[in-house]
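Here's the structure we're looking at; comments come further down.
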Amino acid sequence: MATPTNAYTRLLDALRAADSDIIEHGDKAKAQCPAHADGRPSLSVTRIEGSVLLYCHARCDTADVLSKLGLDTRDLYDNRRGLSHAYVDGRVTHRSHDKKFRQSGNTNGSSLFRADRIANADTVYVVEGEKDVLAVEAAGAA
């Protein structure tokens, strides 16, 4: 039985298979983008909780990058069915690869995602959604 991989490993493995040069630094990597003629790594790959952020600095569309690798948006998630986020007030949000959204648990909750983690922070960044919060946390901020 094959060992399950997370989205970060899955994406880097696909980039290696496409002969892309990759420079790794912990949970972040830069690679040659397979969607355009890339003389030096311009594709950023960042592991965040439960998924991966993918960004081409030459502005290639994510779907085009994934297509060139034989992947699709499901492959951006550790669990290819999507991602769930638990809030301190008992609410749970569920997001799928095709951007479908639903809530369970305390659906009347009003807490902000991970607000409980900002009490001792010197600087707090206010962002729009859970994925943005996870990106800020991956960069070492609150």
Side-chain angles (χ1 to χ4, degrees), residues 1-18 20-36 38-142:
M1 182 172 178
T3 303
T5 61
N6 61 42
Y8 184 77
T9 302
R10 187 181 309 125
L11 194 58
L12 291 188
D13 287 349
L15 286 163
R16 284 185 190 98
S20 177
D21 288 336
I22 301 170
I23 303 164
E24 286 186 76
H25 296 286
D27 288 340
K28 297 179 182 181
K30 293 280 269 183
Q32 288 174 298
C33 178
H36 73 274
D38 200 359
R40 60 188 177 128
S42 66
L43 183 69
S44 293
V45 183
T46 304
R47 180 189 341 226
I48 62 173
E49 184 179 305
S51 64
V52 66
L53 299 174
L54 183 66
Y55 180 75
C56 177
H57 293 274
R59 301 190 188 265
C60 291
D61 186 73
T62 298
D64 293 339
V65 175
L66 292 171
S67 176
K68 290 286 187 180
L69 296 171
L71 303 174
D72 64 32
T73 55
R74 289 177 182 89
D75 292 300
L76 295 176
Y77 295 93
D78 291 352
N79 178 339
R80 294 183 80 240
R81 288 177 292 177
L83 190 58
S84 297
H85 300 289
Y87 285 66
V88 296
D89 61 7
R91 181 169 31 127
V92 180
T93 61
H94 308 274
R95 297 182 183 276
S96 65
H97 72 95
D98 55 356
K99 301 194 182 248
K100 291 190 173 134
F101 172 84
R102 68 179 179 84
Q103 296 184 68
S104 63
N106 177 19
T107 57
N108 293 320
S110 61
S111 69
L112 298 175
F113 184 59
R114 302 260 172 103
D116 56 315
R117 298 185 178 194
I118 62 174
N120 297 320
D122 293 328
T123 302
V124 175
Y125 295 90
V126 179
V127 296
E128 185 176 0
E130 296 112 347
K131 200 164 195 173
D132 295 328
V133 170
L134 295 173
V136 167
E137 289 179 350

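The model shown is predicted, which means the values in this text are computed figures rather than measured ones.
The distance from atom CD of Gln32 to atom CZ of Arg40, rounded to the nearest 0.5 Å, is 11.5 Å. Once rounded to the nearest 0.5 Å, the distance linking OG1 of Thr62 with CG of Leu54 reads 5.0 Å. Rounding to the nearest 0.5 Å places CG of Leu43 at 8.5 Å from NE2 of His36. In this structure, Asp132 CG and Leu53 CG are separated by 8.5 Å, a value rounded to the nearest 0.5 Å. Separating the OG atom in Ser42 from the NE2 atom in His57 is a distance of 7.5 Å, to the nearest 0.5 Å. Atom CG of Asp75 and atom CG of Leu69 lie 9.5 Å apart (nearest 0.5 Å).
The side-chain tip of Lys131 points at the ring of Tyr77 from less than 6.0 angstrom away and within 45° of straight on.
A salt bridge between Arg91 and Glu130 is absent, with no side-chain N of the basic residue lying under 4.0 Å from a carboxylate O of the acidic one. Under 4.0 Å is where a charged nitrogen must lie from a carboxylate oxygen, and between Arg47 and Asp78 no such pair does. Electrostatic pairing of Asp13 and Arg10 does not count as a salt bridge here, judged by no charged N lying under 4.0 Å from a carboxylate O.
Residue Ile48 comes nearest to Ala138 through the heavy atom pair CG2-CB, 3.8 Å, listed as atom of the first residue, atom of the second, then distance. Heavy-atom minimum distance, Ile23 versus Pro41: CD1-CG, 4.1 Å. When all heavy atoms of Ser84 and His94 are compared, the closest pair comes out as OG-ND1, 2.7 Å. Closest heavy-atom contact between Asn106 and Asp89: ND2-O, 2.9 Å. For the pair Ala115 and Ile118, the tightest heavy-atom approach, listed with the atom from each and the gap, is O-CG1, 3.0 Å. Closest non-hydrogen pair, Thr93 versus Tyr87, comes out as CG2-CE1, 3.7 Å.
Aromatic ring orientation, Phe113 versus His85: perpendicular (interplanar angle above 60°, classes split at 30° and 60°).
Side-chain contact check for Thr73 versus Leu66: some heavy-atom pair is nearer than 4.5 Å. The shortest side-chain heavy-atom distance between Thr107 and Arg102 does not fall under the 4.5 Å cut-off. Using a 4.5 Å heavy-atom cutoff, the side chains of Val45 and Leu15 are in contact.
A donor-acceptor contact closer than 3.5 angstrom is absent between the side chains of Ser67 and Asp64.
Judged purely by atom type and a 3.5 angstrom limit, Thr5 has no side-chain atom pairing as donor or acceptor with the backbone of Thr9. Checking side-chain atoms of Tyr8 against main-chain N and O of Lys28 turns up a donor-acceptor pair under 3.5 Å.
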Chi angles and distances behind the side-chain contact (heavy atoms from CB on, under 4.5 Å) call for Lys30, Ser44: CA-CA 5 Å; Lys30 293 280 269 183; Ser44 293; 3.6 Å; yes
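Counting non-hydrogen atoms of neighbouring residues, nucleotides and ligands closer than 6.0 angstrom, the OH atom of Tyr55 exceeds 12 such neighbours.
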